[in-house]
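Each remark here refers to the structure printed beneath this line.
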Amino acid sequence: MAKQIQEILIDDLDGGEANETVAFAIDGTSYEIDLSDVNAKKLRDSLSPFVQSARRSGALAPRRRRAGGTRALTREKSADIRAWAKSHGLNVSERGRIASKIVEQYEQAH
């Protein structure tokens, strides 16, 4: 016994026959819509000015560094910062990461 399974796409916009599924995202939500060639072109044409002015995000976008970058502190400098912070009445842990706000205050003072 033979079976033939046929998938027919219906245009989600006008109910006619669709030729493709178009994926897009906006405001952090991804969408898919089945569209005819005509409606897919309308969607792409209407988004074109925004796409041309936009920047890519996500896995395909180049990664950006934070302003000021991240710097690893040496043990000696960490010890100096902790001692300085304590002498100025700032709450700093004995071990672990030093809050960037405290590091910035230390660097401004020196």
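What's counted below: heavy atoms across the whole structure, side chains too, no hydrogens, waters or symmetry copies.
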Query raised in the report: Can L47 be reached from L13 by stepping across I, L, V, M, F, W or Y side chains whose heavy atoms are under 4.5 Å apart?
Result: yes
Query - E17 CD to I10 CD1 distance, which is reported to the nearest 0.5 Å - result: 7.5 Å
Query raised in the report: Rounded to the nearest 0.5 Å, what separation is found between the CG atom of N39 and the CG atom of N19?
Result: 10.0 Å
Query - From OH (Y106) to NE2 (H110), nearest 0.5 Å - result: 4.5 Å
Query raised in the report: For K77 and E107, which heavy atoms make the closest approach, and how far apart are they?
Result: NZ-OE2, 3.7 Å
Query raised in the report: Once you round to the nearest 0.5 Å, how far does CG of L90 lie from CH2 of W84?
Result: 5.5 Å
Query raised in the report: Is there side-chain contact between R44 and V22, with at least one heavy-atom pair below 4.5 Å?
Result: yes
Query raised in the report: Are K41 and S36 close enough, and set up right, to give a side chain to side chain contact (heavy atoms under 4.5 Å, CB included), and what steps lead you there?
Result: CA-CA 8 Å; K41 183 175 179 352; S36 66; over 6 Å; no
**Report entry** side-chain hydrogen bond (donor to acceptor under 3.5 Å, both in side chains) between Q52 and S48, intermediate numbers included
**Finding:** CA-CA 6 Å; Q52 289 175 11; S48 179; 3.0 Å; yes
Report summary line: Distance col, row D12:CG vs T21:OG1, nearest 0.5 angstrom, shows 8.0 Å
Report task. Quick one: sort the Y31 and F24 rings into parallel, tilted or perpendicular, breaks at 30° and 60°. Result -> parallel
Query raised in the report: Taking all non-hydrogen atoms of both residues, which atom of S78 and which atom of I98 are closest, and how far apart?
Result: O-CD1, 3.7 Å
Query raised in the report: Looking at CG of D11 and CG of D37, how far apart are the two atoms once the value is rounded to the nearest 0.5 Å?
Result: 10.0 Å
Requested in this report: Determine whether more than 12 heavy atoms belonging to other residues, nucleotides or ligands lie under 6.0 Å from atom CG of N91.
Outcome: no
Query raised in the report: Any chance NZ of K86 has more than 12 other-residue heavy atoms, nucleotides or ligands included, within less than 6.0 Å?
Result: yes
**Report entry** Within 6.0 Å of CD in E20, more than 12 heavy atoms from elsewhere
**Finding:** yes
Query raised in the report: Applying the 4.5 Å side-chain criterion to the ILVMFWY set and letting contacts propagate, would I33 and F50 be lumped into a single cluster?
Result: no
